[in-house]
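Written below as structure tokens is the structure these notes are about.
Both counts, for ligands and for their atoms, begin at 1 and track the order of listing. Keep in mind the model is a prediction, meaning the values are calculated, not measured. Below, all heavy atoms of this structure are taken into account, side chains as well, without hydrogens, waters or symmetry copies.
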Amino acid sequence: MARSIYQTQTGNAGEAQQRGREALTTNHGIPISDNQNSLRVGDRGPTLLEDFILREKIFHFDHERIPERIVHARGSAAHGYFECTDPIPELSCASIFAEKGKKTPLFARFSTVAGGAGSVDTPRDVRGFAVKFYTDEGNWDLVGNNIPVFFIQDAIKFPDLIHSVKMEADKGYPQAASAHDTFWDFVSLMPEAMHTVIWAMSDRAIPRSLRMMEGFGVHTFKLVNAEGETHFVKFHWRPRLGMQSLVWDESAKLQGADNDYHRRDLHEAIAAGDFPEWDFAVQVFDQALADSLPYDVLDPTKIIPEEVVPLRVIGRMVLDRNPDNHFAENEQVAFLPSNIVPGIDFSDDPLLQGRLFSYLDTQKSRLGTTNFHQIPINAPKCPYANMMRDGLMQTAVPKGRATYEPNSLDQAGEDPGPRANAAGFTTAPQQVSGEKLRIRAETFGDHYSQPRMFWRSQTENEQAHIASACVFELSKVGLDHIRNRVLSHLANIDGGLAQRVADGLGTALPKAAAPFRTPVDLEPSDALSIQKNWKQTLHGRKVGLLFGEGSDKAEIDKLISAIKAEGGSVFTIAPKIGLLKLEGGEMKADGQLAGSPSPLFDAIAMILAPEVAEKLARDSAAVGFVTDAFVHLKAIGHCNGSKVILARAGIEADEGVGHYSNLPETAKRRYWAREAKVRDLA
Ligand code: HDD
């Protein structure tokens with residue numbers, strides 16, 4: 001018999017078990033004796049159709065992919081729990097909010113909106129913030145975003161919005177980017193989009209980490225207590241690490257440095273036991289307050305500033321376990337805004353109402369069956385029972401004859417009354433009357449006051465980022481009339497902003513668009529600014545430490561311990577990845593210099609022997625390392641020898657540039673004041 005040049009790694013079941021590994025079998029349990037060679041005639045002859053092992057393997061592989069999500073295709077996810085810290089039985093009878101300390105398991109998925117599943121993590125985009133709570137009264141899915149408002153007011157416009165932002169239909173590009181004609185054409189024809197547009201042009205749309213962004217339920221929902229009393233509510237997630245964003249140039253460079261920047265950051269933090277946490281807060285208000293506001297609480301393009309209705313923290317989310325399998329969990333998780341539990345209810349927000357249909361419908365297309373709820377990541381963790389039966393991929397084996405209700409077969413002798421549960425979900429009663437109309441309330445008609453409030457709530461530096469983002473995006477728009485129409489809307493938000501964008505584009509400012517409602521000046525809200533709420537901490541932040549042959553090992557160790565003592569982490573970088581001889585020891589780097597550019601870190605340090613520094617000053621990777629750190633407004637901690645690299649990069653010292661021993665302090669922030677020196681912002 002011919003012998004294979006490849007030895008089988010599979011062996012027989014007995015051998016594999018002896019090695020403590022599961023033996024390979026087909027999907028039908030037949031042990032496989034050889035996973036290296038297909039069945040053929042002789043050792044060089046044709047492959048036989050009879051080879052059921054080959055055919056099954058290739059057949060399964062050919063069908064590995066399922067349709068990616070039409071939006072939010074690229075996502076990163078984790079398991080965790082919700083802990084109730086301040087029960088609210090007076091507001092809601094939801095069991096999840098019933099007792100202090102009560103924990104509810106959950107699965108969270110963060111996503112970009114526009115790009116495909118394989119696109120990069122750091123484009124300018126809204127981020128999805130979806131949480132599935134496996135409560136003991138069924139699954140509650142809070143499917144929100146990191147921006148508290150949405151582009152459109154009515155679900156009927158959603159396909160149009162998404163078609164406009166996705167890659168252009170004829171060209172198939174750009175991928176994962178709003179900087180193109182169709183997006184700006186659509187939003188400039190829909191003035192209601194302006195509020196979300198200005199958030200999307202702000203630093204909120206380029207988060208530093210998924211762990212450092214806020215989340216919002218966006219819509220107004222209702223809380224319902226045991227007596228049936230209702231209140232309006234908006235849901236908020238607040239990151240314990242504080243908010244942080246990238247600068248635009250950094251986020252663009254990260255797209256080359258690490259496609260998976262956010263996914264890796266989340267995964268590594270959880271793997272290291274540094275579990276990301278968010279506070280969960282509610283903004284609760286009644287009809288009287290809603291009536292007193294100059295905008296409609298059912299309009300998803302509006303926020304209620306927390307200075308108007310304060311936030312009450314009632315719980316926290318901790319993400320403490322990475323998924324075991326990306327496909328089974330992250331890809332197959334099906335979020336449904338219609339998954340709601342007793343004690344919470346929908347409002348009449350017309351965007352929310354449309355979402356209640358869309359998500360259930362999309363799951364049938366993605367997961368292929370009405371039984372997608374049986375997939376482990378989607379199945380409730382409490383018992384569930386009903387008379388729904390059969391369907392594609394039915395994996396349950398329900399027992400009994402009766403598949404209808406009421407019936408008197410299941411529990412013989414029992415009263416065959418309805419089996420519904422009096423404590424089950426009830427819709428809060430609400431008076432509704434009116435004619436059937438396709439119309440939008442005039443109270444939805446103020447499109448500029450809130451974007452103006454957002455603009456005025458930002459620091460000067462944040463305003464410059466917004467204006468520059470508008471210039472960048474509109475400079476990618478090919479058609480003048482679209483650019484001009486955008487400018488005509490910006491003029492209604494703030495004349496200064498519009499002028500700066502027009503100047504940045506080198507174009508004349510057109511006249512302001514005619515507003516449906518004249519904008520008013522609302523009180524600015526400090527809570528809307530990232531920089532005003534900056535958390536001075538090293539927790540969650542990473543320092544890139546460059547060393548080389550002959551570096552002082554004791555100094556390196558001292559700096560690493562000091563950074564770790566402040567909650568930060570260190571990634572060591574050297575020109576070579578192998579074991580290096582240092583002054584006083586040896587050390588291996590985590591990464592090689594050319595593959596570890598500084599956009600990957602929050603701050604950088606250099607501890608180098610003078611002759612190594614001299615050499616690196618002629619290496620573009622080292623010069624780029626410090627140049628990028630400087631223009632991305634990061635702290636730079638250097639030794640005396642490494643000044644030669646800074647000099648080569650033309651870096652002048654400022655309060656963020658100094659001896660590495662100060663880095664544990666200086667790395668806690670970015671140096672916004674430096675920006676005017678390194679970048680011409682609009
Ligand atoms: Fe949506 C996915 C958030 C409006 C239709 N949406 C999706 C996800 C998030 C959001 C976070 C990803 C969930 C996951 O990780 O799997 N969507 C929002 C927010 C909206 C919003 C905050 C407005 C406030 N969405 C919206 C409307 C519609 C949809 C108005 C349709 C009428 N969204 C979908 C969808 C997706 C989706 C097509 C794609 C995949 C999926 O649902 O499961 O059904």
Regarding [X] and the six-membered ring of [Y], is the cationic atom NZ or CZ under 6.0 Å from the ring centre and inside 45° of its axis?
X	Y	result
K132	F107	no
R124	W248	yes
K381	Y134	yes

[X] neighbourhood, listing ligand 1 atoms whose heavy-atom distance to it stays under 4.0 Å:
X	answer
L351	23 (C), 24 (C), 30 (C)
R69	14 (C), 16 (O), 40 (C)
Q363	41 (C), 43 (O)
V218	22 (C), 24 (C)
F335	13 (C), 14 (C), 15 (O), 16 (O)
F129	11 (C)

Going by atom types only, do [X] and [Y] share a side-chain donor-acceptor pair under 3.5 Å?
X	Y	value
S347	D349	no
N225	S92	no
T182	H180	yes
Q458	H465	no

Tell me which protein heavy atom sits closest to [atom], plus the residue, atom name and distance to 0.1 Å.
atom	result
atom 41 (C) of ligand 1	T362 CG2, 3.4 Å
atom 38 (C) of ligand 1	I70 CG2, 3.2 Å
atom 22 (C) of ligand 1	N145 ND2, 3.1 Å

Going by salt bridge (charged side-chain N to carboxylate O under 4.0 Å, His left out), name the residues that satisfy it together with E268, two or more places apart in sequence or in a different chain.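 Applying salt bridge (charged side-chain N to carboxylate O under 4.0 Å, His left out) to E268 gives K542.
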From atom 1 (Fe) of ligand 1, how many protein N/O/S atoms are found at a distance short of 2.8 Å? 1
Is it the case that more than 12 heavy atoms not belonging to I156 sit under 6.0 Å from its CD1 atom? no
Counting only heavy atoms, tell me which of K132, Q332, E68, R109 gets closest to atom 14 (C) of ligand 1.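 The option holding the nearest heavy atom is R109.
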Does the pair D86 and R312 meet the rule for a salt bridge (Lys or Arg N to Asp or Glu O under 4.0 Å), with working shown? CA-CA 9 Å; D86 180 13; R312 172 172 169 191; 3.0 Å; yes
Are the aromatic rings of F335 and W140 close, with centres under 6.0 Å apart?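 No; W140 has its ring centre 6.0 Å or more from that of F335.
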Centre-to-centre under 6.0 Å for W237 and F216, is that the case here? no
Against ligand 1, does G144 come closer than 4.0 Å with any heavy atom?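 Distance cut 4.0 Å: G144 passes for ligand 1.
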Between R366 and ligand 1, find which residue part has any heavy-atom pair under 4.0 Å and reply side chain, backbone, both or neither. neither
